[in-house]
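A short write-up of the structure that comes next.
Below, all heavy atoms of this structure are taken into account, side chains as well, without hydrogens, waters or symmetry copies. Throughout, a chain's letter reflects where its sequence line sits, starting with A, and its residues are numbered from 1.
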There are 2 protein chains.
Amino acid sequence: MSTQPEPPPPDDETTLRLEQFLPYRLNVVGFYASRALGRIYSERFGIGIPEWRVIAQLGEFGKLTSRDIGELSQMHKTKVSRAVGELEKRGLTSRSENREDRREAFISLTPRGSRTYAEIVPLALAFQARWTEGLPADDLRVFERVLSILAERGRHLAGGYHESEA
Amino acid sequence: MSTQPEPPPPDDETTLRLEQFLPYRLNVVGFYASRALGRIYSERFGIGIPEWRVIAQLGEFGKLTSRDIGELSQMHKTKVSRAVGELEKRGLTSRSENREDRREAFISLTPRGSRTYAEIVPLALAFQARWTEGLPADDLRVFERVLSILAERGRHLAGGYHESEA
DNA sequence: CTCAGTTAGTTACAGATGAAACTAATGTCA
DNA sequence: TGACATTAGTTTCATCTGTAACTAACTGAG
């Protein structure tokens, strides 16, 4: 067993219970989610979370610029750049130049990338299902609604990657 | 304005909507939380999230070993080690050897550390209050309950830092 | 007591990350 | 047309992070 810390002091406004502090809790849960999924992705497919997000967006939308991918999946442009580079190296995505604007390129899944996507999706959905298994549908609806609101507010509180200095 | 991606395909079992995928959403929200708070901590106090967590636990429990801190705040032991080292260097925490077991040491806040704690707590609570402002108390209760369950399950799905190979 | 096994904590190392600088292309305004 | 600002994307660099290896101390079976 472990050293048991003494019971916490009473709840007043000068003390904060970290284990009840929402930002902390959200961060911890999000971390668990990433780690568990990341393990699946890396063990079975040899990719990480950023690569998964790119694949997921391409599987959903078909053809996107790196900029769009970053926007949609909330990733820093350097992270997108590296993830796309890695996926391309592994033959899961390909680039096609945009003649209308030669700064950007359209990224899409190769046939092999699509196959990987088709393999991952059921695993991801099963993981989610297992995680939320047995929770009352009503509660889950409320949870998701609140989560959306917190995400929306959080985006502003945190500032995006780009407008952070605005 | 930005390039608008085409509307997503219909919802079937072979496609996954990342923006509705729970692990993704939790991770993003947790990330916003960390970033917003981290900004406050670093701007006003020159510390990061790991240091804040250490301070928070010490402010709550008074005196802990590094091991306890890691357990309580879900941080890897190397992260704790470095955070404690940093705080000590800045004179916010101090170490006292445990005569009963000289492998470990008790960490506690110095007077200066306690003052910093007292300054941060109201800011943190205000941040949380602002984030959840206006949300129905009932919804928030449901949200927190579901979050607890997801955290508990997530801890097992992800595996702890230590038992990960068990 | 002794030696193998475990535990608290640190350090070395390699990989991931984001800010800032950079390149190349486009947009704008006179 | 010709500067100047903006944007997509890459690269550089410094920092943060976790794994693994390590040290020092404790535990327990014999």
Side-chain angles (χ1 to χ4, degrees), chain A residues 1-3 27 31 34-35 38-39 41-42 46-54 64-89 93 95-107 158-166, chain B residues 1-3 27 31-32 34-35 38-39 41-43 46-54 64-89 93 95-107 158-166:
Chain A
M1 292 301 118
S2 64
T3 311
N27 196 62
F31 176 71
S34 287
R35 203 139 63 89
R39 192 164 297 173
Y41 300 152
S42 75
I47 61 171
I49 298 280
E51 288 77 22
W52 149 249
R53 287 193 185 173
V54 170
L64 294 166
T65 65
S66 288
R67 199 196 142 285
D68 289 331
I69 294 170
E71 182 89 18
L72 288 166
S73 59
Q74 293 296 309
M75 293 197 292
H76 192 271
K77 62 180 180 173
T78 59
K79 204 185 260 187
V80 175
S81 175
R82 292 188 257 247
V84 168
E86 180 67 22
L87 289 170
E88 200 169 5
K89 210 177 70 186
T93 63
R95 241 173 259 251
S96 76
E97 189 184 77
N98 179 9
R99 294 280 165 85
E100 323 261 297
D101 184 344
R102 279 164 38 239
R103 284 173 303 186
E104 65 186 22
F106 293 116
I107 318 290
Y161 280 113
H162 315 292
E163 78 269 17
S164 56
E165 254 55 64
Chain B
M1 289 302 117
S2 65
T3 310
N27 195 62
F31 176 70
Y32 289 156
S34 289
R35 202 138 63 88
R39 193 165 296 173
Y41 300 151
S42 75
E43 278 175 8
I47 62 172
I49 298 279
E51 289 77 22
W52 147 248
R53 286 193 186 173
V54 170
L64 295 166
T65 65
S66 289
R67 199 198 142 282
D68 290 331
I69 294 170
E71 183 89 17
L72 288 166
S73 58
Q74 292 297 308
M75 291 198 293
H76 192 270
K77 61 179 181 173
T78 59
K79 206 186 258 184
V80 175
S81 175
R82 292 188 256 245
V84 168
E86 180 66 23
L87 289 170
E88 200 169 5
K89 208 176 71 185
T93 64
R95 241 174 259 250
S96 76
E97 189 184 78
N98 178 9
R99 294 278 166 86
E100 324 261 296
D101 185 344
R102 278 163 39 239
R103 285 172 305 184
E104 64 186 22
F106 293 115
I107 318 291
Y161 280 112
H162 315 291
E163 78 270 15
S164 56
E165 254 55 64

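To the nearest 0.5 Å, atom OG1 of residue Thr65(B) and atom CD of residue Glu71(B) are 9.5 Å apart.
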Working for salt bridge (charged side-chain N to carboxylate O under 4.0 Å, His left out), residues Arg95(B) and Glu88(B):
CA-CA 8 Å; Arg95(B) 241 174 259 250; Glu88(B) 200 169 5; 2.6 Å; yes
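At whole-Å resolution of the value, CZ in Arg39(A) and P in dT19(D) are 9 Å apart. When rounded to the nearest whole Å, the span between CZ of Phe31(B) and C1' of dC16(D) equals 13 Å. Atom C1' of nucleotide dT10(C) and atom CD of Glu86(B) are separated by 16 Å, given to the nearest angstrom. Rounding to whole angstrom units, CD of residue Glu97(B) and C1' of dG9(C) are separated by 13 Å.
The side chain of His76(B) places no N or O atom within less than 4.0 Å of a non-bridging phosphate oxygen (OP1 or OP2) of dT17(D). Between dT10(D) and Ser81(A), a contact under 4.0 Å exists linking OP1 or OP2 to a side-chain N or O.
Fit an axis to the five pairs at each end of the helix from dC1(C)-dG30(D) to dA30(C)-dT1(D) and the two axes sit 20° apart, to the nearest 10 degrees.
A donor N or O paired with an acceptor N or O is found under 3.5 Å between the base of dG18(C) and the side-chain atoms of Arg82(A).
Using a 4.0 Å heavy-atom distance criterion, Ser66(B) is classed as a sugar-phosphate-only contact.
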Restricting both atoms to N or O, compile the protein contacts to nucleotides 26-28 of chain D shorter than 3.5 Å, with distance only.
| residue | atom | partner | partner atom | Å |
| --- | --- | --- | --- | --- |
| dC26(D) | OP1 | Arg102(B) | N | 2.8 |

Within the sub-3.5 Å range, which N or O atoms of nucleotides 21-23 of chain D have a protein N or O partner, and how far apart are they?
none

